Undergrad: 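Mind looking over this structure? Questions follow.
Proteins come first, then strands; the chains are lettered A, B, ... in the order of their sequence lines, and each starts at number 1. Note that the coordinates shown come from a computational prediction; the quantities given were computed from them, not determined experimentally.
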Amino acid sequence: MSTTGVRATARLTARADGRGDTALPVLESHGPLALRRTRGSGDEARVMLVGAMSGPLGGDRLAVEAEVGEGARLHLGSAAATIALPGQGKEDARYDVRVRVAAGGELRWLPEQLISACGSDLRVSTSLDLASGARLVFREEQVLGRAGEEPGRLSSRLTVRLDGRALLDQEVSCGPGAPGGWDGPAVLGGYRALGQLVVVRPEFAERAPEPRVLGEAATLTPLAGPAVLVSALAPDALLLRRVLEEALAGLDG
Amino acid sequence: MSRATLLVLADGRFPAGGHAHSGGAEAAVKAGLIRGAEGLEAFCRGRLHTVGLVSAALAAAAALGVDPVALDAAADARTPSLALRGASRKLGRQLMRAARATWPSGELDVLAREFPKGAHQPVVLGVTARAAGLGPEDAAYCSVYESVSGPAGATVRLLSLDPFDATGVVARLAPEMDRVVRSAVEAGREAVGGGVDVLPAASGPLLEIGAEVHAAWAVRLFAS
């Protein structure tokens with residue numbers, strides 16, 4: 001049986017309001033994707049993505065589109081983990097994130113984990129387009145299966161462009177049906193949580209942090225541009241978060 | 001195309017410096033992730049479908065005449081590890097020297113001038129294939145084969161693994177190598193009209209992490 005899932009796109013736009021604050025002229029929730037403005041700090045607007053339903057389920061097509069204008073500062077978080085679940089049909093689910101950040105704009109995108117539940121099939125595509133002079137902190141964490149459960153099928157592509165040129169382009173595929181060797185010693189090696197933290201700062205063009213080993217399966221490396229990437233694998237979501245938070249604190253400090 | 005020319009380029013004795021690199025096998029052996037033929041096979045299979053596919057697609061696209069400067073930038077974006085970018089450029093520079101001496105070509109000269117410190121190895125490989133009169137499939141085969149045979153050969157030295165077992169691993173992966181070559185060439189053809197963003201970006205997190213861990217060691221047998 002083929003079912004038509006939910007189709008929803010949430011949109012938000014952040015603009016500097018000219019009085020030292022960030023306004024949100026567009027804040028459109030849609031279907032299961034609800035956006036709520038919460039108290040920010042300083043000139044930063046803070047938005048929470050609140051999942052109003054469970055999912056994405058197989059067949060769903062969900063998207064979040066965000067634009068951060070010149071000089072605006074946006075912090076996006078989420079209220080809870082996103083759990084990819086099987087749908088009634090055999091169709092996969094899609095979750096697309098499309099973000100643009102203008103020169104002098106700053107985005108901190110720090111949502112909760114994405115959990116790939118047994119039997120689910122989700123394709124995530126994240127496309128971050130930065131103008132030269134934009135700032136970014138982007139974290140993504142994927143957990144393969146709920147506690148004690150086999151993972152679903154998950155593929156996730158993350159593309160970061162700076163001034164129209166790809167700075168980072170990475171795709172991870174795992175779970176049943178993924179290309180061979182995904183759980184082997186070249187890819188995930190039995191770890192069940194993986195995460196990335198991308199930090200783009202114009203000042204890294206002058207001096208980027210040196211490569212660093214952050215633990216048993218976590219490293220920081222400068223990219224070919226004013227940016228660094230922290231890649232981490234961990235046995236579970238909690239240990240993964242600890243590594244990524246320490247790395248971010250190190251970069252912010 | 002000439003099958004004999006393909007063998008010259010694919011030969012492990014072609015003087016392009018590949019023998020000094022383990023393709024991440026040294027780090028995986030040290031971490032206890034490869035202990036024998038079984039672990040080597042799982043490692044090579046994962047490598048084949050990630051960096052193997054990406055490198056082969058870059059090589060096929062370069063062999064089809066896609067702009068090598070754009071391909072080099074695409075390789076940078078698909079290689080977050082600084083250590084791996086360095087290794088790939090070093091291998092590219094060494095391949096360039098051997099290629100220019102073997103199959104002199106204007107396109108190789110232009111690429112060498114554009115990247116005096118070395119372009120990414122798969123890009124140089126693709127342009128070399130053009131210079132040698134080979135096609136995108138040949139370039140992809142060289143790349144895919146190297147992505148598996150490199151770590152297999154290195155593991156023989158690192159673990160004193162029986163060379164018959166290591167060769168058995170590579171031979172068992174042959175049908176999968178054929179499939180990866182087909183996808184890589186298809187992606188390379190798409191890049192001719194669609195630009196380099198359509199190329200695959202499959203990554204192996206442990207390869208990227210292991211490469212940085214390996215680069216931090218004081219003493220190592222292989223360069224990467």
Side-chain angles (χ1 to χ4, degrees), chain A residues 125 127 142 155-162 164-174 178-191 193-198 208-225 227-234 240 243, chain B residues 23-25 27-29 31-35 38-54 70 72-85 151 173 176 179-180 183 196-197 199-217:
Chain A
S125 154
S127 174
Q142 286 124 5
S155 64
S156 178
R157 185 158 181 170
L158 169 62
T159 310
V160 184
R161 283 186 201 82
L162 182 61
R165 179 177 175 273
L167 184 59
L168 176 69
D169 200 346
Q170 290 259 275
E171 181 167 33
V172 173
S173 298
C174 52
W182 68 267
D183 205 16
V187 187
L188 297 182
Y191 287 106
L194 68 144
Q196 305 201 86
L197 178 72
V198 187
E210 296 285 311
R212 230 174 329 141
V213 176
L214 302 172
E216 182 197 341
T219 53
L220 178 150
T221 181
L223 299 176
V228 298
L229 173 73
V230 176
S231 304
L233 293 166
L240 177 69
V243 173
Chain B
V29 164
L33 294 166
I34 302 178
R35 292 165 204 248
E38 204 181 315
L40 174 64
E41 185 164 338
F43 179 85
C44 288
R45 181 170 281 117
R47 197 165 194 277
L48 169 64
H49 290 288
T50 54
V51 66
L53 169 66
V54 171
D72 192 82
D76 261 348
R78 287 159 177 76
T79 319
S81 155
L82 177 67
L84 287 182
R85 288 200 301 279
L173 288 170
E176 275 176 71
R179 286 200 291 278
V180 169
S183 327
V196 299
D197 285 355
L199 293 171
S203 83
L206 277 174
L207 289 174
E208 294 286 333
I209 292 166
E212 289 300 325
V213 171
H214 183 262
W217 296 356

Undergrad: Tell me, side chain or backbone of B:Arg78 under 4.5 Å from chain A's heavy atoms, or both, or neither?
TA: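 It is both, since atoms from each part get that close.
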Undergrad: With rounding to the nearest 0.5 Å, note down the distance linking OG1 in A:Thr159 to CG in B:Asp197.
TA: 7.5 Å
Undergrad: Heavy-atom pairs under 4.5 Å with chain B are the metric here; pick the option from A:Ala224, A:Ala232, A:Pro179, A:Ala178 that has the most.
TA: A:Ala224
Undergrad: With rounding to the nearest 0.5 Å, note down the distance linking CD in B:Glu208 to CG in A:Leu233.
TA: 11.0 Å
Undergrad: Is the backbone N or O of B:Pro80 less than 3.5 Å from a side-chain atom of A:Thr221, with the two atoms forming a donor-acceptor pair by type?
TA: yes
Undergrad: Could you tell me which portion of B:Ala216 (side chain, backbone, both or neither) has an atom closer than 4.5 angstrom to a non-hydrogen atom of chain A?
TA: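 Side chain only.
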Undergrad: What's the shortest heavy-atom distance between B:Ala77 and A:Ala166, and which atoms?
TA: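 The answer is CB-O, 3.6 Å.
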Undergrad: Which residue out of B:Ala215, B:Cys44, B:Gly46, B:Ala70 racks up the most heavy-atom pairs below 4.5 Å with chain A?
TA: B:Gly46
Undergrad: Taking CZ in A:Arg157 as the centre, count heavy atoms belonging to other residues, nucleotides or ligands within less than 6.0 Å. Is the count above 12?
TA: yes
Undergrad: Looking only at heavy atoms, which two atoms of A:Gly180 and B:His49 are closest? And how far apart?
TA: O-CD2, 3.4 Å
Undergrad: Go through the steps for B:Leu206 and A:Val187 under the test side chain to side chain contact (heavy atoms under 4.5 Å, CB included), then give the verdict.
TA: CA-CA 5 Å; B:Leu206 277 174; A:Val187 187; over 6 Å; no
Undergrad: I'd like to verify something: which residue of B:Glu212, B:Glu41, B:Glu176 has the highest number of heavy-atom pairs under 4.5 Å with chain A?
TA: B:Glu212
Undergrad: So which residue, B:Ala28, B:Gly210, B:Pro200, B:Ser81, ends up with the most heavy-atom pairs under 4.5 Å with chain A?
TA: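 The option with the most such pairs is B:Ser81.
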Undergrad: Between A:Arg212 and chain B, with a heavy-atom cut-off of 4.5 Å, which part of the residue counts as in contact: side chain, backbone, both or neither?
TA: neither
Undergrad: Give the minimum heavy-atom separation between A:Ser231 and B:Ile209, together with the two atoms involved.
TA: O-CD1, 3.7 Å
Undergrad: What residue in B:Ala31, B:Ala202, B:Ala211 has the most heavy-atom pairs under 4.5 Å with chain A?
TA: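 Option with the greatest count: B:Ala202.
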Undergrad: For chain B, which candidate among A:Leu194, A:Asp183, A:Leu168, A:Val228 shows the most heavy-atom pairs at distances under 4.5 Å?
TA: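 Heavy-atom pair counts peak at A:Leu168.
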Undergrad: Do you know which two heavy atoms are closest between A:Leu223 and B:Arg85, and how far apart they sit?
TA: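 Looks like C-NH2, 3.4 Å.
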Undergrad: Please rank A:Ala217, A:Gly184, A:Gly225 by heavy-atom pairs under 4.5 Å with chain B and give me the top one.
TA: A:Ala217
Undergrad: Sort B:Leu199 into side chain, backbone, both or neither according to what part of it lies under 4.5 angstrom from a heavy atom of chain A.
TA: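 Looking at B:Leu199, just its backbone touches chain A.
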Undergrad: Shortest non-hydrogen contact from A:Pro185 to B:Gly39?
TA: CG-O, 3.7 Å
Undergrad: Please lay out, stage by stage, how B:Thr79 and A:Gln170 fare under the test side chain to side chain contact (heavy atoms under 4.5 Å, CB included).
TA: CA-CA 8 Å; B:Thr79 319; A:Gln170 290 259 275; over 6 Å; no
Undergrad: Tell me, side chain or backbone of A:Ala227 under 4.5 Å from chain B's heavy atoms, or both, or neither?
TA: neither
